Colleague: 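Structure incoming, see below.
Chain letters run A, B, ... following the sequence lines, proteins first, then strands; residues in each count from 1. Nothing here was measured: the structure is a model prediction, and the numbers come from that model.
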2 protein chains.
Amino acid sequence: MGVQPRASGRATIVDVARAAGVSRQTVSNALNAPERVAPGTLERVRAEIHRLHFTPNVTAQQLRRRRASAYGFAVNPTGSARMGHILDEFLVELTIAAPGHRSHLVTFAPDPGDVLESHKRLLSSGLVDGFVLADTRHGDPRPHWLLEQGVPFVSFGRIWDSPHLEQWVDVDGRAGMHAAVCHLAGSGYARVAFLGWPGGSAVGDDRRRGWLEGLEDCGLQGADLHATSPQAIDRATAAADRLIEQLGDDGAVLCASDLLALGVVRAINRRGLEPGRDVGVVGFDDTDVAEALQVSSVRQPLREAARSAWRLLHATGTDGIRPALLTPTLTVRGSSVRTPLAASGTELPDPSNAHSHPAHTEKDTP
Amino acid sequence: MGVQPRASGRATIVDVARAAGVSRQTVSNALNAPERVAPGTLERVRAEIHRLHFTPNVTAQQLRRRRASAYGFAVNPTGSARMGHILDEFLVELTIAAPGHRSHLVTFAPDPGDVLESHKRLLSSGLVDGFVLADTRHGDPRPHWLLEQGVPFVSFGRIWDSPHLEQWVDVDGRAGMHAAVCHLAGSGYARVAFLGWPGGSAVGDDRRRGWLEGLEDCGLQGADLHATSPQAIDRATAAADRLIEQLGDDGAVLCASDLLALGVVRAINRRGLEPGRDVGVVGFDDTDVAEALQVSSVRQPLREAARSAWRLLHATGTDGIRPALLTPTLTVRGSSVRTPLAASGTELPDPSNAHSHPAHTEKDTP
DNA sequence: GAAAACCATGTGAACGATCAAATCGCCACA
DNA sequence: TGTGGCGATTTGATCGTTCACATGGTTTTC
């Protein structure tokens, strides 16, 4: 007896209205403001919505509301120079958390020539309301421009250029490094060197600071053992080689990235030594490479970062949502303990069960 | 003199029409069917479009055209068990190629309980017209369902369950393995073993077949040297250990994945041997791990795969676009040559310049 | 006991574009 | 001169929803 959806395509709000014997607007209210609808009517409308498998047409909503509830995410076309795929994992977590914020993500490729151009285009097409920035480099024009235009955005990574901008969520690399140093101290290493990137990298400097502070707090030596290398394996190996030379018997090397840590491992192996037993190594990002090499590594809490990003993106300005500086954890593997983690037979410990060191609980909005 | 866009927000098609002294529809035609517009008018309209920075509202187009020109891409929430991030790279390439097909991508997280449910929801919301499937497993209900519903889709990976479906693009793993075996033969290995996954994996079986055919074509031994391991590092190491035992002096191991290859490298190192010089190793997917370990690996042409996927997605059915089986290339590194690629000093060859072996040119639609 | 307030629901317009069909001017042809 | 055809352009309707306001009925208020 029920009214059927019309022949062409899916049921619309009008079909539901007819079927339930009410007007469009009442159906709309049942969906968007149920408290305005009388209980009996509400139930009837909901029953018809269910029966007709009605789903609001998001496209029509976007047009009428003048809001897409969608955000652009620029994919990184430079496949190289980014061992780790951290951003890909971040995108996954963002996507998972999106429905909880009644939003979705649209991917796009930034124009390599004019970064702003592609953002402008996407924005003016009405397809997105704003952006999630994921690799803000030094001198990135986007944060300023977006703020100026009043476009909603959030950055994964502090906006080092302009500390007054508060639209960011980041991981506290300094705290992660600090914790790693103390872990190495507890594992019996007496000196901890640092292998970082050449000057000018805000992220790198932050991580280096955490190393220095860790040395001081945990009473270790090594503050003079500091080298840099660009993010390239051969250069890293060479730099690590010199560092190990100075390190002595009970030293360890803390690295600003897993790729640099890989260089250290190579340098260690080349000398006939063994990571962990002879020289400690800790990397950053806990990538596949770290897992493959059994290198301990500082892990970014990407799930929480994604959640905080959404909160910040949808902050009203008066709800007290502040930038989130999240504390990473340390995944401990064989490279940072002097005695093998497990019996050194054919079996190795399952990396997924590796001891995870929750440095602290998340340090989110207070 | 020029008409200004109205105060509220961006310029619309009506603003342009007024400014150029024509009607809405003429502006629309100038954009979508320029040949219908008189040259002078066209020029005038285009000038105003440019002057007012007019961009068509995609949302309004979607509603009126009853087509989103967008496709859903399900992200893989199981971060583990997928070393390689092949799908992430595929997504990047899809995104880059999207504008060329006047489309874009919307990411979404599949419901782990009911895979179809999340697809249905997204589809009925009108946000997407179809899907790009990227990890069709055995028994995946999606291809059938989508075909039945007449929903456009393309699968990255053959639909092994139902070979009659032609909505796919894939990489010819068999050919890649074949080429790898012949490369190993040319490098002086006499026997090539295979380390694959346990039975039932269509992809694994295909790669194994390529290995066998390669042995035969290049006159190598080793067809009896075959082991399997699940995609887990400790199991792979153990399996590799047994395989190497049987391999003898001038053998190599071909692996169905880089993770398995990592297991082989570990087993080799454990015996005090060296990959390449003593035992050859070739992996699959050319991931960061392979690069880090200097393991040769079969590389999937993801850019071409993405392009073919778009072509297939937008095929009319009469334009002769057929499924694309692309031939991978082999990235040769130290693990598959008996003499070191470079002087074994502190410098290693830049992996990005590593010799790339174009097995054949792409074997796309004829 | 009439004005004011409230509640549930309905009506017209609008969001910004495209589709389908109508109109207008101009030229050719009978 | 009237009819037909054609190219260029315009007009009206529509996509599916929400906004802003109107309606009608009941309850509260002074």
Side-chain angles (χ1 to χ4, degrees), chain A residues 5-46 48-49 52-70 102 123-127 129, chain B residues 5-46 48-49 52-70 102 123-127 129:
Chain A
R6 12 184 224 176
S8 68
R10 356 193 56 84
T12 74
I13 206 172
V14 186
D15 297 319
V16 176
R18 261 203 297 270
V22 295
S23 71
R24 309 189 297 284
Q25 189 60 34
T26 300
V27 179
S28 179
N29 287 338
L31 290 165
N32 302 313
E35 74 281 1
R36 286 193 212 155
V37 181
T41 314
L42 185 58
E43 197 183 349
R44 205 166 66 247
V45 170
R46 282 187 169 154
E48 289 303 328
I49 286 175
L52 298 173
H53 299 113
F54 169 70
T55 312
N57 184 311
V58 173
T59 284
Q61 292 180 321
Q62 290 176 330
L63 178 58
R64 181 62 248 231
R65 291 178 171 155
R66 310 165 82 51
R67 186 161 24 91
S69 295
R102 309 181 160 288
L123 200 61
S124 66
S125 79
L127 222 82
D129 300 324
Chain B
R6 10 184 225 178
S8 68
R10 359 191 58 83
T12 73
I13 203 172
V14 185
D15 297 318
V16 176
R18 260 201 299 270
V22 294
S23 71
R24 315 187 294 285
Q25 188 61 34
T26 299
V27 178
S28 178
N29 285 339
L31 290 165
N32 303 312
E35 73 281 2
R36 288 193 209 156
V37 181
T41 314
L42 185 57
E43 197 184 347
R44 199 154 26 96
V45 170
R46 282 187 171 154
E48 289 303 327
I49 286 175
L52 299 174
H53 298 112
F54 169 70
T55 314
N57 183 309
V58 173
T59 285
Q61 291 181 320
Q62 289 175 331
L63 178 59
R64 179 65 250 231
R65 289 178 171 156
R66 309 166 126 292
R67 188 162 23 91
S69 295
R102 309 182 161 285
L123 199 61
S124 65
S125 78
L127 257 173
D129 300 325

Colleague: Hey, can you pull the residues of residues 23-30 of chain A with a non-hydrogen atom under 4.0 angstrom from DNA chain C?
Modeller: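 The answer is A:Ser23, A:Arg24, A:Gln25, A:Thr26.
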Colleague: State, to the nearest 10°, the angle formed by the axis through the first five base pairs of the helix from C:dG1-D:dC30 to C:dA30-D:dT1 and the axis through its last five.
Modeller: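 Here the helix ends are tilted 60° relative to one another.
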Colleague: Rounded to the nearest Å, what distance is computed from the CG atom of residue B:Leu42 to the C1' atom of nucleotide D:dA8?
Modeller: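 So the two atoms are 12 Å apart, to the nearest Å.
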Colleague: Using every non-hydrogen atom in the two residues, find where A:Ala30 and A:Arg46 come nearest and quote the distance to one decimal.
Modeller: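 Looking at all heavy atoms of both residues, the closest pair is O-NH2, 4.4 Å.
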Colleague: Rounded to whole angstroms, how far apart are CG on B:Asn32 and C1' on C:dA20?
Modeller: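 Answer to the nearest Å: 15 Å.
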Colleague: Could you give the distance from CZ (A:Arg66) to CD (A:Gln61), rounded to the nearest 0.5 Å?
Modeller: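 A:Arg66 CZ to A:Gln61 CD: 15.5 Å, rounded to 0.5 Å.
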Colleague: For nucleotides 23-27 of chain D, which of its nitrogen or oxygen atoms have a protein nitrogen or oxygen under 3.5 Å away, and what is each distance?
Modeller:
none

Colleague: Testing the basics here: between A:Ala60 and B:Leu63, what is the closest heavy-atom pair and its distance to 0.1 Å?
Modeller: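 What the structure gives for the nearest pair is CB-CD1, 3.9 Å.
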Colleague: What's the spacing between B:Arg24 CZ and B:Asn29 CG if we round to 0.5 Å?
Modeller: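 It is 11.5 Å, given to the nearest 0.5 Å.
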Colleague: Rounding to an integer number of Å, can you tell me how far A:Glu43 CD sits from C:dA8 P?
Modeller: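 To the nearest whole Å, that distance equals 16 Å.
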Colleague: Using modelled atom types and a 3.5 Å cut-off, is there a donor and acceptor pairing between side-chain atoms of B:Asp129 and backbone atoms of B:Arg67?
Modeller: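 No: the side chain of B:Asp129 does not pair with the backbone of B:Arg67.
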Colleague: Going by atom type alone, with no hydrogens or angles, which donor-acceptor pairs under 3.5 Å involve a side-chain atom of residues 35-43 of chain B and a protein atom two or more places apart or on another chain?
Modeller:
none

Colleague: Quick one: label A:Val22 by what it contacts on the DNA or RNA (base, sugar-phosphate, nothing), any heavy atom closer than 4.0 Å.
Modeller: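 Sugar-phosphate contact only.
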Colleague: Any donor-acceptor pair under 3.5 Å between the side chain of B:Arg64 and the base of C:dT18?
Modeller: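 Yes, the side chain and the base share a sub-3.5 Å donor-acceptor pair.
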Colleague: Ignoring the backbone of B:Gln61, work out which of C:dA17, D:dT17, C:dG16 is nearest its side chain.
Modeller: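 Selected nucleotide (nearest to the side chain): C:dA17.
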Colleague: Take atom CD of B:Glu35 and atom C1' of D:dA8, then tell me their distance rounded to the nearest Å.
Modeller: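 Taking CD of B:Glu35 and C1' of D:dA8, I get 12 Å after rounding.
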Colleague: Which atom pair, heavy atoms only, marks the closest approach of A:Asn32 to A:Arg65?
Modeller: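 Heavy atoms of A:Asn32 and A:Arg65 come nearest at OD1-NH2, 3.3 Å.
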Colleague: For the pair made of CG in B:Asn57 and C1' in D:dC15, what is the distance, rounded to whole Å?
Modeller: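 The distance from CG of B:Asn57 to C1' of D:dC15 comes to 13 Å, rounded to the nearest Å.
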Colleague: Judged by each residue's nearest nucleotide on DNA chain D, which is more toward the 5′ side, B:Arg36 or A:Phe54?
Modeller: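 Nearest nucleotide further toward 5': that of B:Arg36.
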Colleague: Should the side chain of A:Arg65 and the base of D:dT18 be counted as holding a donor-acceptor pair, with the cut-off at 3.5 Å?
Modeller: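 Not at all, since no donor on one side and acceptor on the other fall under 3.5 Å apart.
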Colleague: Quick one: closest heavy-atom pair of B:Glu48 and B:Ala19, and the distance?
Modeller: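 The answer is OE1-CB, 3.4 Å.
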Colleague: Counting side-chain heavy atoms from CB outward, which of C:dG16, D:dT17, C:dT9 is closest to B:Ala60?
Modeller: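 Ranking C:dG16, D:dT17, C:dT9 by closest atom to the B:Ala60 side chain puts C:dG16 first.
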Colleague: Would you please name every residue forming a side-chain contact (heavy atoms from CB on, under 4.5 Å) with B:Leu127, sequence neighbours left out?
Modeller: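 side-chain contact (heavy atoms from CB on, under 4.5 Å) list for B:Leu127, sorted by chain: A:Val58, A:Gln62, A:His104, B:Leu122, B:Ser125.
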Colleague: Please give, in whole Å, the distance from C:dG16 P to B:Leu63 CG?
Modeller: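 In whole Å, C:dG16 P lies 12 Å from B:Leu63 CG.
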Colleague: From CZ of B:Arg66 over to P of C:dA20, roughly how many Å is that when rounded to an integer?
Modeller: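 For the pair B:Arg66 CZ and C:dA20 P, the rounded distance is 12 Å.
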Colleague: Would you classify B:Thr59 as touching base, sugar-phosphate or nothing, given that sugar-phosphate means primed atoms plus P, OP1 and OP2, and contacts are heavy atoms under 4.0 Å?
Modeller: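 Result for B:Thr59 = nothing.
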Colleague: From the options C:dA17, C:dT9, D:dT18, select the nucleotide whose nearest atom is closest to the side chain of A:Ala38.
Modeller: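 The answer is C:dT9, which lies nearest to the side chain.
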Colleague: Measure across A:Phe54 and A:Leu31 and return the closest heavy-atom pair with its distance rounded to 0.1 Å.
Modeller: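 For A:Phe54 and A:Leu31, the tightest heavy-atom pair comes out as CE2-CD1, 3.7 Å.
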Colleague: Does B:Arg64 have any side-chain contact (heavy atoms from CB on, under 4.5 Å) partners at least two apart in sequence or in another chain, and if so, which?
Modeller: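 Scan of B:Arg64 (side-chain contact (heavy atoms from CB on, under 4.5 Å), adjacent residues dropped) gives none.
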Colleague: Restricting to non-hydrogen atoms, name the atom on A:Thr55 and the atom on B:Ser124 that form the minimum distance, rounded to 0.1 Å.
Modeller: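 Of all heavy-atom pairs spanning A:Thr55 and B:Ser124, the closest is OG1-OG, 3.0 Å.
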Colleague: Rounded to whole Å, how long is the line connecting atom CD1 of A:Ile13 with atom P of C:dT11?
Modeller: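 Rounded to whole Å, this separation is 15 Å.
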